There are 2 protein chains.
Amino acid sequence: MAGRGETKAKILDAAEQLFAEHGFKETSLRTITGKAGVNLASVNYHFGDKKSLVRAVLSRYLEAFMPALGEQLQALLSEPHCTMEQVFACAKQPVLALDKYRPHGAATFMQLIGRGYSDVQGHLRWFITTRYEHVLSLFNQAVRKANPDLTSEAVFWHLHFTLGAAIFTMASSEALRDIAENDFGRSLDSEAIVDRLIPYLAAGMNAKPRQASQDNIVAFAAE
Amino acid sequence: MAGRGETKAKILDAAEQLFAEHGFKETSLRTITGKAGVNLASVNYHFGDKKSLVRAVLSRYLEAFMPALGEQLQALLSEPHCTMEQVFACAKQPVLALDKYRPHGAATFMQLIGRGYSDVQGHLRWFITTRYEHVLSLFNQAVRKANPDLTSEAVFWHLHFTLGAAIFTMASSEALRDIAENDFGRSLDSEAIVDRLIPYLAAGMNAKPRQASQDNIVAFAAE
DNA sequence: GTCTATATTAAGATAGAC
DNA sequence: GTCTATCTTAATATAGAC
């Protein structure tokens, strides 16, 4: 039923869509091969096992995204000064460029990254952070350059909060887009979401630590 | 092997720990009953099915947390003015109070919420948002009160970014805590994390939209 | 309420013909 | 490279004795 040399690509295409929409663990090889119109056994023939397929799907995107992000950061670091918004804006064009690479590439990529982090699969986290350590380091440098007053601890925590806000938004971008279009009656593309996200992340990253004052209005509830 | 009337509680206790650590789908009933020291069949006897067990685990915490959060927000809303930090600080005491309710309750709760959102189980999201619609509405009001300049759209998006940052941090709080302790050599409790999170979220929520200027330094990569 | 034993289903993976 | 058929494993869930 399948064509000649295109089976591998068909599997990747079907898998990336299903993974993005339902998660890795929740998508079975049978569902993938069914959607791709290829034989069940071909997954193992072409990729070895499911884990490798997951990595292959992510790699296609990361190899397109990460080097582009690295370039942007490099360029920004060679400037005399930079703002925090500029740092985050470095990711904008590399993300949006994925739409040319694959249909709905930007949204798909964002969802896949979200899945990769929230799915318990520790191996993905490891794979991403070690494979692209260099780019992450550039990002770190740029953040420090944009705001040298931040302590190491603040950078550490704020980076993780940032990752959460970005990834969570990415993972649920489809649902959010639907709700937003419904509520505000205007159509939203990936660029609009990214443009909302950038100032939010920049402001958060620059946040000043809180002076320990009184926290709550009401006294502790009875216990 | 199990005691008399405590089987149900044993299951809940074991399940909440395993769910928090490994996720819902990744934790089997066999693992839960094994850890709890009770019979496999007792889960179905006491809870019907796994889905209901998941909801029961979350409910224990939500019923302790949500009303307390609601109180704090009510009190804040009755004040003449409030800041965005105060809005987010409303969640602090209700979260930390969970440590009295169960050992490591705050951390466990945060992780469970994270799992509930990032696991694909749509039913959890639905369950939480409909069951506690009232509290979420109070939160929304408080945000608008703290910063009336925010547009509806800005509030919508910023709320979701906020959710992402908070939930992601919660879901990975254990790992983050370990890394942070290792890197900065000082012990971190849930309160320290919450205190980091509050100003970050408040700053992001107050972020001003970005004027569409030039986004990137480098021209588009070849394609 | 608790247990043993088992039904049922679905998944990943592979052997071997073509 | 592709297919059919099958193996193996592991999960949820239930029936029925005690």
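In what follows, every heavy atom counts, from backbone to side chain, and hydrogens, waters and symmetry copies are set aside. Below, read A as the first sequence line, B as the second, and so on, with proteins coming before strands; counting in each chain starts at 1. What you see is a predicted model, and the numbers here were worked out from it, not measured in a lab.
- Between the CD atom of B:Glu26 and the P atom of D:dA11 there is a distance of 11 Å, given to the nearest Å.
- Summarising the geometry, the separation between NE2 on A:His46 and C1' on C:dA13 is reported as 16 Å, rounded to the nearest angstrom.
- The interatomic distance linking B:Phe47 (CZ) with C:dT2 (P) rounds to 11 Å, in whole Å.
- Among residues two or more places apart in sequence or in another chain, the side-chain hydrogen bond (donor to acceptor under 3.5 Å, both in side chains) test is passed with A:Glu153 by B:Arg186.
- As judged by a 4.0 angstrom heavy-atom cut-off over every strand, B:Ser42 is placed among residues making no nucleic acid contact.
- Residues that satisfy the side-chain hydrogen bond (donor to acceptor under 3.5 Å, both in side chains) test with B:Asn140, not counting sequence neighbours, are absent from this structure.
- One interatomic measurement links the two molecules: CD1 of A:Ile32 to P of C:dA11, which rounds to 11 Å at whole-angstrom precision.
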Polar atom pairs (N or O), protein with nucleotides 13-17 of chain D, under 3.5 Å:
| residue | atom | partner | partner atom | Å |
| --- | --- | --- | --- | --- |
| D:dA13 | OP2 | B:Lys50 | N | 3.1 |

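- For B:Arg144, there are no salt bridge (charged side-chain N to carboxylate O under 4.0 Å, His left out) partners two or more places apart in sequence or in a different chain.
- The pair A:Lys92-A:Glu85 fails the salt-bridge criterion, with no side-chain N (NZ, NE, NH1 or NH2) lying under 4.0 Å from an Asp/Glu carboxylate O.
- Considering only residues two or more places apart in sequence or on other chains, A:Arg55 meets the salt bridge (charged side-chain N to carboxylate O under 4.0 Å, His left out) condition with none of them.
- Not counting sequence neighbours, B:Glu181 has no partner by the salt bridge (charged side-chain N to carboxylate O under 4.0 Å, His left out) test.
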